[in-house]
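Each remark here refers to the structure printed beneath this line.
Residue numbering restarts at 1 for every chain, and letters A, B, ... go by the order of the sequence lines.
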Number of protein chains: 4
Amino acid sequence: MARNKKQDIISTAARLFAQHGFEDTTTLGIAREAGVTEPLLYYHFRGKDEIFSLVIREFFTQYREMVQKLPAHTSTGFEKIANLIRMHVEISATHPHQAKLILSACPAMLIRGYSVCWEVLENQKNLLNEYLQKTLREGIESGEFKDYPIPETVAVLRCLINGIFRNKVMHNPEDAAYEEMAVEFCKSSLLRDN
Amino acid sequence: MARNKKQDIISTAARLFAQHGFEDTTTLGIAREAGVTEPLLYYHFRGKDEIFSLVIREFFTQYREMVQKLPAHTSTGFEKIANLIRMHVEISATHPHQAKLILSACPAMLIRGYSVCWEVLENQKNLLNEYLQKTLREGIESGEFKDYPIPETVAVLRCLINGIFRNKVMHNPEDAAYEEMAVEFCKSSLLRDN
Amino acid sequence: MARNKKQDIISTAARLFAQHGFEDTTTLGIAREAGVTEPLLYYHFRGKDEIFSLVIREFFTQYREMVQKLPAHTSTGFEKIANLIRMHVEISATHPHQAKLILSACPAMLIRGYSVCWEVLENQKNLLNEYLQKTLREGIESGEFKDYPIPETVAVLRCLINGIFRNKVMHNPEDAAYEEMAVEFCKSSLLRDN
Amino acid sequence: MARNKKQDIISTAARLFAQHGFEDTTTLGIAREAGVTEPLLYYHFRGKDEIFSLVIREFFTQYREMVQKLPAHTSTGFEKIANLIRMHVEISATHPHQAKLILSACPAMLIRGYSVCWEVLENQKNLLNEYLQKTLREGIESGEFKDYPIPETVAVLRCLINGIFRNKVMHNPEDAAYEEMAVEFCKSSLLRDN
DNA sequence: TATGAATGAGAATTCATTCAT
DNA sequence: AATGAATGAATTCTCATTCAT
């Protein structure tokens, strides 16, 4: 635990930012919970902002890896899209803090002109765009998907996925498993024959 | 301009909260921009929190009215859903501040246990749920829509609409009009014959 | 109740000052509880200070009347001193608020150089001095009391009475009726034969 | 002077609280007079309240020590009571500030439900009670004192002592040395043979 | 690498008091 | 006699950040 204090600080900050947001997480709070003193924060990092940036980037890195680890070869092209949807639902359950951080703290910082957040949001957009573009292109070429215009369809799918992600994370997940309905919904639209 | 100072305060606060978020909007800032002195805020309102609540609620009231003013009688049932989608895209263009406020400041406050925000988010959910439920039920009964399970379909549509709304508001609206694609997408899924 | 608003203000202020002290009683609080608006306070009085002065003086007037109404003719001279002691114990029970005001709020204001309080405390001192001086002088002349030096004895008796008064008012009156012991105590000291 | 800033703050606060009371002593005032900046108060203490508590408790500790240092062995039992009376007169001369603080600021805070003050007042009561109880019991057993009921006599003596203490502290000590009269007064009452 | 002490800059809030009517 | 609206002047407290060691 006391091995790497620098990492301790980041982990603690990550948790606190996720639990209380940026403003309500104080440098003193981070220091205390990490078992260090405040000046050490300033020895290791340039300031609160930098810590926040690092935390955000770390989370995004994990997120990107999850997306990139999705199976590249599936029985059908549509399965890839279904996987993407299911993955987001899963993250909302397994990484609620991180998800909340990106979905709540990030937009709040965006409004204040925080470049890291803008950057992360942009990256997430691009990441999904690439994944979806490739999948759609291949599916259309193979005749599996209808011949929808790709950029627009990608945008729609992205909105849907992000919408589901946010809904799962922010709302108490009372409204039961509608994710398979989402999968079905996309299938109806995308597949040529159904 | 100096007619009703109370309203001036609310309007100014609304703008500032939307532009800079809750934390970065100071009571002094609101007062200055509204052309009044700080203590007047405390004469008219209980504090910063109350002002924020009022602003949020006011915006939500406008939003609800817009949804409720959507035409109740349309040529097809699906048209109602298309209208709902288009309405959100429109709001993102005509009321960017308000939209940003609800989409950014609200989630940020949620994380801090702010009941107004929770309340508004819940209300928005219920508002859309009602609208969509009714539309779907009628469409299914009339045979226009496929016989999807209503609660799940409602949830999916809500996520899609919110996703589009957020995407339009938060991202620079570079990626052109994909909203008609979204309409098309829903049509493909929902309509029995297409 | 709404007959004489000016008097309502004083009564309300009296109660609030006694309950919460000078600082924690706000002009708005007085106005609200008296069922009037703040500016009316300033129409009738010069300010919070004046109200406080009036209240204090009113209470002291009542107090003086009580002292002056003590029976002038008693079987023995000592009885007058016993009466004075008992009267203070009685006030502490019948007028706890007023007593608290004079014993708590007044000293607190004294420290801040408040002339009314100084005045009232001085007056109370003189009032008791006169009463005791006269009683002692007569008792000594008649041979009932020992030939103690009057000013010093007066001072001691005054301290004792005020001490009892304060103790009764401020402490929860758990420690039972020691007042008759006080009477006995004085009797032992003062009376020539016992 | 600038050696131990924490102690400087307490000393300064003590003086200011005694001179101007709780409300009229501001944190900024304390800081300025102590030659430090305001936030330092909040680094060392939790807030104004805590500083006040510490000051009050520190004074009471001194007071208790003085009482406890009174000679345990005296030629007569009554001498102990005389010592207690004289000690209070002495304190009023040597520690006017501290005495004023406990006699003025404390009651004022009591009315506002300040537990420290209640605690200190209660402790002072118990301290005197113990001292007086022991002295009286021994004196009665040895036949030096009359066989008065102890609790009541203790209460009376306590009231007298506190009354003298307060009178000495609050009033300009014009009325000369009546303390020996008080001693005499008690002696007359308490001693079996005089 | 680490810290105890310290601070500049502000933030929200309160309150006695006044002005215009 | 009465008030709704308004304010000047404080006041307590917080926080990111730095300095000396």
Looking at [X] and [Y], what are the two nearest heavy atoms and their distance?
X	Y	value
Lys48(A)	Phe22(A)	NZ-O, 3.0 Å
Thr25(B)	Gly21(B)	OG1-O, 2.7 Å
His97(B)	Ala18(B)	O-CB, 3.3 Å

**Asked** Where does DNA chain E pair, written as one dot-bracket string 5' to 3', with Watson-Crick or G-U pairs under 3.5 Å, ( ) inside the strand, [ ] for crossing pairs and | for another strand?
**Response** .||||||||||||||||||||
**Message:** If I take atom CD1 from residue Ile56(D) and atom CG from residue Leu121(D), how far apart are they, to the nearest 0.5 angstrom?
**Reply:** 9.0 Å
**Residues from residues 28-43 of chain A lying under 4.0 Å of DNA chain E - heavy atoms** = Thr37(A), Pro39(A), Leu40(A), Tyr43(A)
**Request:** Tell me what Thr27(A) touches on the nucleic acid: a base, only sugar-phosphate, or nothing, going by heavy atoms under 4.0 Å.
**Result:** base
**Of residues 44-53 of chain D, the positions that come close to DNA chain F - non-hydrogen atoms, cut-off under 4.0 Å** = Gly47(D), Lys48(D)
**Request:** If a pair satisfies salt bridge (Lys or Arg N to Asp or Glu O under 4.0 Å) and one of its residues is in residues 99-109 of chain C, list it, with sequence neighbours excluded.
**Result:** none
**Message:** Considering only residues two or more places apart or on different chains, which pairs with a residue in residues 14-24 of chain A satisfy salt bridge (Lys or Arg N to Asp or Glu O under 4.0 Å)?
**Reply:** Arg15(A)-Glu33(A), Glu23(A)-Arg112(A), Asp24(A)-Arg112(B)
Rounded to the Å, how far apart are [X] [atom1] and [N] [atom2]?
X	N	atom1	atom2	result
Asp24(A)	dA16(F)	CG	C1'	15 Å
Leu16(D)	dT11(F)	CG	P	13 Å
Ile9(B)	dT13(E)	CD1	P	14 Å

**Asked** Say you pick atom C1' in dT21(F) and the same atom in dT1(E); how far apart are they, in whole Å?
**Response** 13 Å
**Request:** Using the test side chain to side chain donor-acceptor pair (under 3.5 Å), find all partners of Asp49(D) that sit at least two apart in sequence or belong to another chain.
**Result:** Tyr114(D)
**Prompt:** Can you name the residues that form a salt bridge (Lys or Arg N to Asp or Glu O under 4.0 Å) with Glu119(D), not counting sequence neighbours?
**Reply:** Arg57(D)
**Complete:** 5'-most contact on DNA chain E (nearest-nucleotide basis), Lys6(A) vs Glu23(C), goes to Lys6(A)
**Asked** Can you name the residues that form a side-chain contact (heavy atoms from CB on, under 4.5 Å) with Glu58(C), not counting sequence neighbours?
**Response** Gln7(C), Ile10(C), Gln62(C)
**Message:** Under the rule for side-chain contact (heavy atoms from CB on, under 4.5 Å), what residues qualify as partners of Ala13(A), not counting sequence neighbours?
**Reply:** Phe17(A), Ile30(A), Ile51(A), Val55(A)
With a 3.5 Å cut-off and sequence neighbours excluded, list the donor-acceptor pairs that the side chains of residues 36-46 of chain A form with protein atoms.
residue	atom	partner	partner atom	Å
Glu38(A)	OE2	Thr27(A)	OG1	2.8
Glu38(A)	OE2	Leu28(A)	N	3.4

